[in-house]
Structures are given as C-alpha cells and as structure tokens.
Amino acid sequence: MNDREMNGKVISEIFYEELREFVNKTDKHPKIVDISIGDDFASKKYVNIKKKTFKEKTKIDFFSVHFEKITSFELIDFIKKLNNDPLVHGIMIQLPLPKYLLKDERLILDSILVEKDIDGLTSTSLGLLDSCNRGFVPCTALGIEFLLRAYNISLKGKLVAVVNRSNIIGKPVAKLLLKDDATVIMCHSKTENLKDITKKCDIVIIAINKEEYFDSDFFMEDAIVIDCGVHKNINGKIVGDVKYNDVINKVSLITPAINGIGPMTICMLAYNSYKTIYKDIDLVLDNVLKRISNN
C-alpha cells in the first residue's frame with residue numbers, strides 16, 4: 001500500500017471492531033430493509049456488497065426486497081407498511097430509480113419516516129443538515145468526512161472543491177465541511193474552467209462519473225484528493241474519476257478506486273442503522289479516532 005493512499009478499508013475494519021465491542025453485551029440489533037427496483041447492474045452489485053458486509057461484520061438484520069417493476073403508488077404503499085412495522089428500524093431505496101419512476105423520486109423518498117431514513121435522503125433529513133443539526137446524513141458524505149478526520153486532516157480554513165452537486169454526495173459533504181470551518185467551492189459537470197478552480201484547492205472531492213478524467217494538471221502540489229468514482233475500464237480494471245498513476249506522486253493523499261470511499265460508505269450505513277436504536281453510537285466513532293491516534 002502506498003503511504004499516500006487513504007485506505008478506507010483499514011478504517012472501516014477498525015470501525016467494525018469497535019462496533020462489535022459496543023454492542024456485544026446486547027441482543028438488540030437493527031432490522032433494515034433495502035428496496036431495489038429494476039435491473040441496474042451497479043445497484044445489484046452494491047446491494048450484494050452491503051448484504052455480504054453486514055452478514056460478516058455486524059449483527060444487522062439486512063433484508064433485501066427487489067421489484068422488477070412497480071408503480072410509484074405501490075412503492076409508496078409498501079414503504080408506508082414498513083414505516084408502520086415496529087420491527088423495522090431502517091428503510092433505504094436503492095438509487096438510481098428506473099427512469100419511469102424518476103418524476104416521483106422525491107415523493108418516494110419522502111414517504112420514508114425520518115426516524116427510519118438511514119440513507120439520510122428525505123427532505124427532512126437534508127433540511128436538518130442544512131440547519132446544522134445532525135440527523136441521518138447520507139452515507140458517502142459522512143464517510144468522506146470521517147475519513148478526513150481519521151487521517152487527522154484539519155479542515156479549518158482549507159479551500160475545498162466539491163465536484164458534485166447531488167443530494168447523495170456533493171451537497172451534504174459541502175455542508176459537513178462548512179460546519180468543520182472549511183471554505184467550500186461547489187462545482188459540477190457544467191462548471192467552466194474547472195481545472196483553474198481545482199488546482200487552487202487544498203482538498204478536492206470528486207464524484208463526476210467520468211472515467212479517469214482528472215489528471216495531475218487538475219491539482220496543486222500536495223493536494224488531498226477524494227475520488228468517489230468507480231468504473232471498469234476496457235481492460236477490466238477498476239478505476240476512478242482520477243488518473244491515479246498520474247496523480248499519486250503529486251498529491252499528498254488520495255483515495256484509491258478500490259478500498260477508498262466504498263468501504264467508508266458501507267460502514268457509515270452500518271453506523272446509521274445502529275443509530276436508529278442507540279443514540280450514543282457516536283462513541284464508536286470516537287473510539288475509532290482514539291485508536292488511530294494512539295497508533
């Protein structure tokens with residue numbers, strides 16, 4: 001492993017160890033329901049990774065429900081039944097939705113009770129984050145913030161470019177970093193002169209879904225690069241939005257396409273899941289940071 005890599009897998013393994021220690025004296029574990037619709041390959045793969053990870057690393061009761069096709073009305077009705085089930089602690093909808101459901105995406109997401117919104121994507125959860133209250137935060141954004149904390153990176157006064165404007169990554173991570181006293185510049189696929197912006201920033205967070213689009217010219221010396229992109233190139237290799245081999249020797253830290261942000265997203269989903277029944281679950285995150293700082 002290159003010493004410039006930010007290894008999310010290592011941090012996530014410490015998290016699961018601390019999580020097991022936290023809950024080892026109780027039989028109370030969350031039951032969560034993961035709903036997917038259609039035949040999106042990436043979505044199916046992500047569901048399987050979540051299922052496998054939770055089975056191996058936690059005692060979360062993970063139930064995957066898949067519909068080949070379902071109307072918005074039927075889906076919302078199904079979610080309402082889960083809302084009313086006291087044995088279900090968390091509900092998530094696998095995104096992206098099929099095209100025919102996209103016009104109702106906000107209605108579908110907002111049908112989830114906020115106390116069961118472990119993906120942090122309801123309007124209420126996003127609004128709480130807007131007002132600097134911490135309900136459930138979208139897992140990738142939370143994973144990015146925690147990875148920066150785990151690597152002892154101070155955000156105070158840092159200039160950060162966030163190249164994404166979605167509710168899943170860009171907007172929530174910008175709000176988290178603003179709360180941590182960073183100066184955040186929001187960018188996206190339509191931003192003009194993007195390179196001129198990113199190469200001035202101390203930290204660049206990228207989720208633009210363009211295979212190896214960002215080369216070393218996009219970054220200043222010793223920048224920190226968080227790459228959320230995942231692609232399979234023509235050689236069958238998993239790569240990110242960043243040309244890793246071109247960038248690695250210029251930056252101070254970078255996340256790899258494998259074992260970077262992916263494991264952090266899933267362990268933060270586990271954190272959100274346990275947060276539905278343990279309000280003091282932040283102790284797990286505190287213990288992770290203490291262990292890392294002592295090593």
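Because the structure is predicted, anything quoted here is derived from the model rather than measured. One-based numbering along the sequence shown.
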Indicate the atoms forming the closest heavy-atom contact of [X] with [Y], along with that distance.
X: V204; Y: I206; answer: CG1-CG1, 3.6 Å
X: G120; Y: L126; answer: O-CD2, 3.6 Å
X: F219; Y: K250; answer: O-NZ, 2.8 Å
X: A161; Y: T198; answer: CB-CG2, 4.3 Å
X: S72; Y: I108; answer: OG-CD1, 4.2 Å
X: T71; Y: L101; answer: C-CD2, 4.1 Å

Any non-hydrogen side-chain atom of [X] less than 4.5 Å from a side-chain atom of [Y]?
X: I208; Y: F214; result: yes
X: R149; Y: L155; result: no
X: I112; Y: L82; result: no
X: Q94; Y: I37; result: no

**Asked** Would you find a donor on one side and an acceptor on the other, under 3.5 Å apart, between the side chain of D180 and the backbone of K156?
**Response** no
**Request:** Examine K31 relative to F63 and say whether NZ or CZ is less than 6.0 Å from the centre of the six-membered ring and inside a 45° cone about the ring axis.
**Result:** yes
**Message:** For F218, does the six-membered ring have the charged nitrogen or CZ of K195 within the cation-pi criterion, i.e. under 6.0 angstrom from the centroid and within 45° of the normal?
**Reply:**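 Relative to the ring axis of F218, which defines the angle, K195 lies inside both limits.
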Measuring from atom [atom1] of [X] to atom [atom2] of [Y], what distance do you get when rounded to the nearest 0.5 angstrom?
X: K275; Y: E115; atom1: NZ; atom2: CD; answer: 13.0 Å
X: I261; Y: T255; atom1: CD1; atom2: OG1; answer: 5.0 Å
X: I197; Y: M186; atom1: CD1; atom2: CE; answer: 11.5 Å

[X] side chain to [Y] side chain, donor-acceptor N/O pair below 3.5 angstrom:
X: S64; Y: D34; answer: no
X: S43; Y: S36; answer: no
X: S216; Y: D246; answer: yes
X: D61; Y: H89; answer: no

**Item:** CA sep, side-chain torsions, deciding dist, call: E17, R291, salt bridge (Lys or Arg N to Asp or Glu O under 4.0 Å)
**Value:** CA-CA 11 Å; E17 289 173 11; R291 274 185 59 178; 2.8 Å; yes
**Request:** Mark yes when over 12 heavy atoms from residues, nucleotides or ligands other than E192 sit less than 6.0 Å from its CD; otherwise mark no.
**Result:** no
**Message:** Working note: D117 + S125, criterion side-chain hydrogen bond (donor to acceptor under 3.5 Å, both in side chains); need CA distance, chi angles, decisive distance, verdict.
**Reply:** CA-CA 8 Å; D117 177 28; S125 293; 2.6 Å; yes
**Request:** Would you mind telling me which of Y271, Y16, Y274, F62 makes a ring pair (Phe, Tyr, Trp, His ring centres under 6.0 Å) with F54?
**Result:**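 Going through Y271, Y16, Y274, F62 one by one, the ring pair (Phe, Tyr, Trp, His ring centres under 6.0 Å) with F54 is satisfied by F62 alone.
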**Request:** Show your working on side-chain hydrogen bond (donor to acceptor under 3.5 Å, both in side chains) between D222 and S252 and close with a plain yes or no.
**Result:** CA-CA 4 Å; D222 295 327; S252 61; 5.3 Å; no
**Message:** Under 6.0 Å between ring centres: does that hold for F146 and F15?
**Reply:**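 No, the ring of F146 stays outside the 6.0 Å limit from the ring of F15, centre to centre.
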**Asked** Using 4.0 Å as the upper bound for N to carboxylate O, is an ion pair formed by K57 and E13?
**Response** yes
**Asked** Is D130 paired with K175 through a side-chain N to carboxylate O contact shorter than 4.0 Å?
**Response**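 So K175 pairs with D130 through a salt bridge.
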In terms of hydrophobic clusters joined by side-chain contacts under 4.5 Å, are [X] and [Y] together?
X: V225; Y: I185; answer: no
X: I277; Y: M92; answer: yes
X: I258; Y: I254; answer: no

**Request:** Show your working on side chain to side chain contact (heavy atoms under 4.5 Å, CB included) between D227 and E212 and close with a plain yes or no.
**Result:** CA-CA 10 Å; D227 183 1; E212 294 190 308; over 6 Å; no
**Prompt:** Could you walk me through whether D77 and K81 pass the salt bridge (Lys or Arg N to Asp or Glu O under 4.0 Å) check?
**Reply:** CA-CA 6 Å; D77 186 60; K81 289 177 181 176; 3.7 Å; yes
